[in-house]
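This report concerns only the one structure given below.
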Amino acid sequence: MPLTQDVRAAAYLAMIRRYIGGGAVEPDGLAPSDNTRETPPITAADCSARLAAADRMFADWLAPLQRTAAEVAGVEPARMADALNHMHHESRRLTMCDDVLLDNVVALARGVIDQQVPGDFIETGVWRGGVTILMRAALTAFGDRGRNVWVADSFAGLPAPDPASDLREAIWHHLMGAVSLLRSDLATVRESFARAGLLDRRVRFLPGWFADTLPDAPIERLALMRLDGDWYESTRVALDALYPRLSPGGFVIVDDYGLPTGCARAVDEYRALHRIDAPLVRVNGQAVYWCKP
Ligand SMILES: C[S@@+](CC[C@H](N)C(=O)[O-])C[C@H]1O[C@@H](n2cnc3c(N)ncnc32)[C@H](O)[C@@H]1O
């Protein structure tokens with residue numbers, strides 16, 4: 001890419017990143033859709049109350065283990081409050097991803113465009129859509145004219161895991177009630193794309209549970225897939241449905257590999273089953289990616 005085009009691409013992506021980070025971007029006039037609600041921050045006391053409720057709710061599963069909900073979830077109230085406030089609905093952010101995670105998305109997007117790896121981009125688990133907005137912006141910034149960006153989410157929040165098969169995730173699901181189960185709204189996500197001038201025919205929405213939407217989604221090939229559905233099942237369904245459609249040279253990013261949920265188990269099982277030994281590259285303490293050989 002010639003130098004001036006490169007500089008222009010970097011400036012454009014920096015502006016989009018300020019936008020999805022919740023900033024009003026002047027003088028361009030971009031302001032994020034208003035996701036805020038007048039709710040106070042979540043405190044450690046709120047979290048203690050939620051953990052106590054989880055002790056009662058999951059008593060039948062906890063009793064034989066002789067453990068508390070906090071022990072099974074691997075969290076204590078102050079740390080839980082920090083984590084939940086990061087995703088608190090008061091925030092104007094359109095993504096929970098930090099700069100390191102966003103740099104990774106841009107770098108891999110650019111890599112597959114430059115290398116002409118065929119296929120679309122997808123994120124499974126988009127919340128307010130920020131990463132998919134950045135993916136669509138990266139197509140423009142790096143001169144791609146053909147790929148689509150698929151935006152897959154229930155737009156009804158996280159599904160409820162079965163405590164009989166994964167007690168830890170079921171407890172976390174209860175705890176995530178403090179942030180409305182990360183429920184987002186399709187109309188608001190569309191509006192957030194539109195405000196950035198990026199809502200066009202190349203942005204394709206897949207609203208619904210992954211198990212219902214992904215297996216038959218009309219996606220032929222993918223070059224970049226980013227999985228951010230938190231749970232074992234959400235990760236496994238996405239891998240089963242989408243990895244076979246990832247082009248060689250394409251990338252799969254797994255945001256939640258380092259979370260105390262079943263995501264890493266889903267990835268490790270899938271990789272073992274399909275004898276995938278491409279090295280897992282760490283993005284930060286939580287996310288990993290690999291390149292399909
Ligand atoms: C951690 S948030 C995603 C964060 C987002 N990628 C970002 O950049 O901030 C997880 C999202 O996954 C969605 N989700 C999780 N499991 C799902 C499933 N099985 N089907 C549909 N949506 C799911 C939730 O609705 C939620 O919006």
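Here the structure is a predicted model, which means the values were calculated and not measured. Each ligand, and each atom within it, is numbered from 1 in the order the structure gives.
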> Between Glu169 (side chain) and Gly262 (backbone), is there a donor-acceptor pair under 3.5 Å?
Replying inline: yes

> Is Asp98 paired with Arg93 through a side-chain N to carboxylate O contact shorter than 4.0 Å?
Replying inline: no

> Looking at atom 25 (O) of ligand 1, what's its closest protein heavy atom, distance included?
Replying inline: Asp153 OD1, 2.7 Å

>> Please find the pair of heavy atoms, one from Pro118 and one from Ala223, that lie closest to each other, and give the distance.
In response: O-CB, 3.7 Å

>> Under a 3.5 Å distance rule, please check whether Arg204 uses its side chain to pair with a backbone N or O of Ile122 as donor and acceptor.
In response: no

>> Show me which atoms of ligand 1 lie under 4.0 Å from any heavy atom of Glu123.
In response: 6 (N)

> Closest non-hydrogen protein atom to atom 7 (C) of ligand 1, residue and atom name please, with distance?
Replying inline: Thr95 OG1, 3.4 Å

> What protein heavy atom sits nearest atom 12 (O) of ligand 1, and how far away is it?
Replying inline: Gly125 CA, 3.2 Å

>> Treating Arg226 as the side-chain partner and Asp255 as the backbone partner, does any N or O pair qualify as donor plus acceptor under 3.5 Å?
In response: no

> Looking only at heavy atoms of Cys97, does any of them come nearer than 4.0 Å to an atom of ligand 1?
Replying inline: yes

> Does any N/O atom on Val131 come nearer than 3.5 Å to any N/O atom on ligand 1?
Replying inline: no

> What pair of heavy atoms forms the shortest contact from Val267 to Leu239, and how long is it?
Replying inline: CA-CD1, 4.0 Å

>> Could you check whether Arg236 pairs with Asp240 (Lys NZ or Arg NE/NH1/NH2 to Asp/Glu carboxylate O, under 4.0 Å)?
In response: yes

>> When you measure from the side chain of Trp127 to the backbone of Ser184, do you find a donor-acceptor pair of N or O atoms at a distance under 3.5 Å?
In response: no

> Is there at least one pair of N or O atoms, one from Pro159 and one from ligand 1, spaced under 3.5 Å apart?
Replying inline: no

> Looking at Gly157, which atoms of ligand 1 are within less than 4.0 Å of one of its heavy atoms?
Replying inline: 24 (C), 25 (O)

> For the residue pair Thr213 and Pro207, what are the closest heavy atoms and their distance?
Replying inline: CG2-O, 3.3 Å

>> So for ligand 1, is Met96 a polar contact partner (N or O within less than 3.5 Å, distance only)?
In response: yes

> Looking at ligand 1, does Gly208 have a heavy atom less than 4.0 Å from it?
Replying inline: yes

> Out of Val105, Asp228, Asp230, whose heavy atom is nearest to atom 4 (C) of ligand 1?
Replying inline: Asp228

> Hey, does Trp231 sit under 4.0 Å from ligand 1 if you only count heavy atoms?
Replying inline: no

> Looking at atom 19 (N) of ligand 1, what's its closest protein heavy atom, distance included?
Replying inline: Ser234 OG, 3.1 Å

> What residue and atom, counting heavy atoms only, is the protein's closest point to atom 22 (N) of ligand 1, and at what distance?
Replying inline: Ser154 N, 3.0 Å

>> Any nitrogen or oxygen of Arg226, side chain or backbone, less than 3.5 Å from one on ligand 1?
In response: no

> Is it true that Asp120 and Arg245 have a side-chain N and a carboxylate O under 4.0 angstrom from each other?
Replying inline: no

> Between the candidates Leu182, Asp256, Thr235, which shows the shortest non-hydrogen contact distance to atom 2 (S) of ligand 1?
Replying inline: Leu182

> After noting the C-alpha distance and the side-chain angles of Arg136 and Thr140, does the key distance pass the side chain to side chain donor-acceptor pair (under 3.5 Å) rule?
Replying inline: CA-CA 7 Å; Arg136 177 64 191 85; Thr140 299; 2.9 Å; yes

>> Checking the side chain of Tyr19 only, and the main-chain atoms of Ser192 only, is there a donor and an acceptor separated by less than 3.5 Å?
In response: yes

> Do any N/O atoms on Leu94 end up under 3.5 angstrom from N/O atoms on ligand 1?
Replying inline: no

> By number and element, which atoms of ligand 1 are closer than 4.0 Å to a non-hydrogen atom of Gly229?
Replying inline: 12 (O), 15 (C), 16 (N)

> Under 4.0 Å from any heavy atom of Trp209, which atoms of ligand 1 are there?
Replying inline: 18 (C), 20 (N), 21 (C)

>> Which residue and atom name correspond to the protein heavy atom nearest atom 18 (C) of ligand 1, and how close is it?
In response: Phe210 CD1, 3.4 Å

